[in-house]
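Contents: one structure, followed by commentary.
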Amino acid sequence: MKVAKRSFDAVIVGAGGAGMRAAVTLAESGLKTAVISKVFPTRSHTVAAQGGVSASLGNSEPDHWTWHMYDTVKGSDWLGDQDAIEFMCKQAPQVVVELEHYGMPFDRTDEGKIYQRPFGGHMSNFGEKPVRRACAAADRTGHAMLHALYQRNVKANTQFFVEWLALDMLRAPDGRVLGVIAMEMETGEITVFQAKATLFATGGAGRIYYSSTNAFINTGDGVGMAARAGIPLEDMEFWQFHPTGVAGAGVLITEGVRGEGGILRNASGERFMERYAPNAKDLASRDVVSRAMVTEINEGRGCGPAKDHVLLDITHLDPKVIMSRLPGIREISLQFAGADPIKEPIPVVPTCHYQMGGIPTNYRGEVVAEGAPVAGFYAAGECACASVHGANRLGTNSLLDLLVFGKSSGESMIEFIKNEPAAMPEIPQGEIDKALARVNRLDMQTQGADVHETRLAMQRTMQAHAGVFRFKDMLSQGVDKILDVEKQVLQTEIKDKSQVWNTARIEALELENLIEVAKATMISANARTESRGAHVRDDAPDTPERPNGRDDANWLKHSLWYREGNRLEYKPVNLKPLTVDSVELKTRAY
Amino acid sequence: MTTRTVKFKIYRYDPDKDAAPYMQDLSVELDPSDRKLLDALVKVKALDDSMSYRRSCREGVCGSDAMNINGKNGLACLTDVDSLPQPIVLRPLPGLPVIRDLIVDMTQFFKQYHSIKPYVVNNSPAPEMERLQSPEERDELNGLYECILCACCSTSCPSFWWNPDKFVGPAGLLAAYRFIADTRDEETNERLDNLEDPYRLFRCHTIMNCVDVCPKHLNPTKAIGKIKELMLSRAI
């Protein structure tokens, strides 16, 4: 197979929020930068974010980054690294203002400032009462943000490789990262993109679950590539189930609906969150709300003929507020639930939404493995684990993560590239051959497993064995099942052998990435015998000795899963912020 | 909804093996939970993995799965499959070169989008905080910024079919007005200059196919009208 080669100072894989924010910094610095994306940039999944991006601008009432930091640490159930969390919350106002300067069409207050709305877990004065911190463009914040970032990159003349699928990362014998190998989807041609610095900004892998708010493209490509290249994956047992996916369809309904006054109700019309979170109620953290909903359903108080969902009610809101602040939600509800939320409530159910874990990095975006940065390798956004979200992410901190760590990665890469010699090292042929072998196998495979069926088997296993509530027996069975599915994944067969826009081949390659994420998730979850944040298991219940089932004595640590031998290691949580005092450990309640 | 069978007639072309495009008849069994045309296409692909189309978000915000559905452009993910007369005839978006099956080459479409300088230009020193904009000024961007670049509009426009290299097309012109209407942008005059040409703007003959097909209910014709008004008012 003929392999072309191109060289750049920096290569970014992924053109969502994180990749494009990094690209702005790199392209504006004058470095030769390539952005590789399997979809046209504005089709990346950042586009689907709705409710807002958090920053303690204080445009409507007093706010402070230390309050934001407190909320984020508490939201993470103390698993987040406090240096990274401080860095993110402190940077937030600046990166949001920069985005406004790029042209982001934020909604406005009467004084002309950026409009901010309440969101789950956002409180003033260290957990006292809800605060308006989520900066919003109606309920299309991600769309507005992704387009603004793309537009800024057009202005900066960033070089995009659109509809290219990255296959694998390339490493030198000493471990440094030399770039990626990628396939042009239109032609099937394969090219090596050599770079002094490589950034993965490939997003999450929510498609490991059967029911997900995620796009079809969210297949964990960067995470899978990193795992194959020997990089460990951090805290992969922690997956966020968003409380309000449209029942049946899985499409996201933003938490901003509750921020604007929406209420969750069970079959008897009760506002049940008052029982679970007397203070924050419907605006408690996402893991808390999702568990409350599943408990209501499990105890027979669900709605509909099958009693399998609850209702999100905004019929009491002024229709003008719905039309101006939540127009997209009304469309989604009409389209996917057949309900006009002005007149009737929306059927919702917790749905897999966000990967808290990922490729381990520090707050500079450098990938950290074996206790030290991996030379030339960076990660940002949902594929990375800085770790700011810990065991549960706060709503709107994902868009903030993209901006802050996209930018800091870009800046770290500039520093690194500056000190690199002009000549680039030779890429070992064996590295290239490994990727080619995966493509060749698919071209040659006969009598193999069906991609669609194998993917479904994986998704059903994840859904049943590693959901909102987890059970000891189901987790250990889940490990065996997912390892069985892996055997199928390694011998999938595609009928389509065309070189032109072969989507069957793309889906088979994506499945090879998904299965790495699924294995990491199931094995890490099976091993963590406590309950924390989004990971709650039956054998770690709420007791007076261990409130919420959290076991700080044994489990206040990050999981690291290695693909080779499915080995697990652990590393301590950084409880020490950069400049302020630690947020002391305490029991989490809303 | 129940289990039911849906009949299709789908445009197929793989330049790697087909001498010419052809229409393929096929039918597929849908589950009760399959509501949208995209759900049906996923089922089709499970039967025949060579069936090629773009898709991503499946909720009408990414703009990937635009296609010509029973003669009208739309998004597969927002089209109720049961609302469509059968056989459901699927073709690639008209007026752009076909790469394979329902996948078109969108180079020309994006070239026109890029030609209008799709970014806010403001050379005044950036303030420490946000540039202020009143809620009323911000409202001017509604109906403009929501475009998802799916190309349903431009590829339904006869003027774009005839002159895709010279006429900016409804999507590009909607974007042009989005920046003109933004109080933070300082280049209104340059933007109007950029469009003052017999083709770039004035090939719009208000046929309004763009308005008819836009899956986000936007109105490019209205935006184009506003650009023409601005041109007229600065000429007199």
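Per chain, numbering begins at 1; letters A, B, ... match sequence-line order.
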Can you check whether Ile217(A)'s main-chain N or O pairs, donor with acceptor, with Arg55(B)'s side chain at less than 3.5 Å? no
Please check if the side chain of Arg138(B) supplies one atom and the backbone of Pro105(A) the other of a donor-acceptor pair under 3.5 Å. yes
Ranking Ser498(A), Ala215(A), Ala504(A) by heavy-atom pairs under 4.5 Å to chain B gives rank one to Ser498(A)
Within a reach of under 6.0 Å around OH of Tyr210(A), are more than 12 heavy atoms found that belong to other residues, nucleotides or ligands? no
Top contributor to chain B interface from Arg505(A), Gln94(A), Gln499(A), Arg152(A) [non-hydrogen pairs under 4.5 Å]: Gln499(A)
Among Pro135(B), Ala126(B), Ser52(B), Pro127(B), which residue has the highest count of heavy-atom pairs closer than 4.5 Å to chain A? Pro135(B)
Taking Met129(B)'s backbone N and O only, do any of them form a donor-acceptor pair with His101(A)'s side chain (distance below 3.5 Å, no angle check)? yes
Pick from Lys497(A), Glu98(A), Glu163(A) with the largest number of heavy-atom pairs that fall under 4.5 Å of chain B: Glu163(A)
Going by heavy atoms in the side chains, are Val120(B) and Lys155(A) under 4.5 Å from each other? no
Just so I understand: if I count every heavy-atom pair under 4.5 Å between each of Gly248(A), Ala144(A), Ala48(A), Gly338(A) and chain B, which residue has the most? Ala48(A)
Most heavy-atom pairs under 4.5 Å with chain A, out of Lys17(B), Met51(B), Arg54(B), Met106(B), belong to Arg54(B)
Mind running side-chain contact (heavy atoms from CB on, under 4.5 Å) on Lys113(A) and Leu132(B) for me, showing each step along the way? CA-CA 6 Å; Lys113(A) 297 176 178 174; Leu132(B) 299 181; 3.9 Å; yes
Between Tyr150(A) and His114(B), how do the two ring planes meet: parallel, tilted or perpendicular, split at 30° and 60°? tilted
Portion of Ser134(B) that has a non-hydrogen atom of chain A nearer than 4.5 angstrom: backbone
Need one label for Ala148(A): side chain, backbone, both or neither, based on atoms under 4.5 Å from any heavy atom in chain B. neither
Heavy-atom neighbours of Glu111(A) CD exceed 12 at 6.0 Å: yes
In terms of heavy-atom pairs under 4.5 Å, which option from Asn142(B), Leu141(B), Asp101(B), Ile148(B) contacts chain A the most? Ile148(B)
Supply the atom-to-atom distance His147(A) NE2 to Glu146(B) CD, rounded to the nearest 0.5 angstrom. 10.5 Å
Do side-chain atoms of Glu130(B) reach the backbone of Ile114(A) as a donor and acceptor pair under 3.5 angstrom? yes
Contact class of Leu146(A) relative to chain B, heavy atoms under 4.5 angstrom: neither
Does Arg117(A) have more than 12 heavy atoms from other residues, nucleotides or ligands lying within 6.0 Å of its CZ? yes
Do the side chain of Arg100(B) and the main chain of Val500(A) share a donor and acceptor less than 3.5 angstrom apart? yes
Between Phe336(A) and chain B, with a heavy-atom cut-off of 4.5 Å, which part of the residue counts as in contact: side chain, backbone, both or neither? both
Pairs of heavy atoms under 4.5 Å with chain B: top-ranked of Arg43(A), Glu100(A), His452(A): Arg43(A)
Distance-only donor-acceptor check, side chains Lys36(B) and Gln335(A), under 3.5 Å: yes
Arg58(B) versus chain A, the contacting section by heavy-atom distance below 4.5 Å: both
Sort Asn122(B) into side chain, backbone, both or neither according to what part of it lies under 4.5 angstrom from a heavy atom of chain A. neither
If you count heavy-atom pairs under 4.5 Å between each of Asn502(A), Thr213(A), Asn59(A) and chain B, which one has the most? Thr213(A)
Proximal component of Pro118(B), with respect to chain A [non-hydrogen, under 4.5 Å]: both
Leu47(B) versus chain A, heavy atoms under 4.5 Å apart: side chain, backbone, both or neither? neither
Proximal component of Arg207(A), with respect to chain B [non-hydrogen, under 4.5 Å]: side chain
Rounded distance [0.5 Å steps], CD in Gln151(A) versus NZ in Lys117(B): 14.0 Å
For Ile99(B), which atoms come within 4.5 Å of any heavy atom of chain A: side chain, backbone, both, or neither? both
Contact origin within Thr187(A) toward chain B - heavy atom pairs under 4.5 Å: neither
Heavy-atom cut-off 4.5 Å, strictly under: side chain, backbone, both or neither for Val97(A) against chain B? side chain
Side chain, backbone, both or neither: which part of Met104(A) has a heavy atom under 4.5 Å from chain B? backbone
Which bit of Thr109(A) is near chain B, if near means a heavy-atom gap under 4.5 Å: side chain, backbone, both or neither? backbone
In Å, rounded to the nearest 0.5 Å, how long is the span from CZ of Phe110(B) to CZ of Phe40(A)? 4.0 Å
What's the spacing between Cys77(B) SG and Phe216(A) CZ if we round to 0.5 Å? 9.5 Å
Is it the backbone or the side chain of Tyr53(B) that comes under 4.5 Å from a heavy atom of chain A, or both, or neither? backbone
Under a 4.5 Å heavy-atom cutoff, which of Gly63(B), Gly60(B), Ser33(B), Ala175(B) has the most pairs with chain A? Gly63(B)
Check: Asp49(B) side chain, Ile494(A) main-chain N or O, donor-acceptor pair, under 3.5 Å: no
Using a cut-off of 6.0 Å, state whether more than 12 heavy atoms not belonging to Asp25(B) lie near its atom CG. yes
Hey, does Thr42(A) have a side-chain heavy atom less than 4.5 Å from the side chain of Cys62(B)? no
Name the region of Glu453(A), side chain, backbone, both or neither, that has any atom closer than 4.5 Å to a heavy atom of chain B. neither
What is the distance from atom NZ of Lys495(A) to atom OG of Ser50(B), rounded to the nearest 0.5 Å? 11.5 Å
Side chains of Thr503(A) and Lys45(B): is there a donor and an acceptor less than 3.5 Å apart? yes
NE2 of His143(A) to NZ of Lys216(B), rounded to nearest 0.5 Å, is 7.5 Å
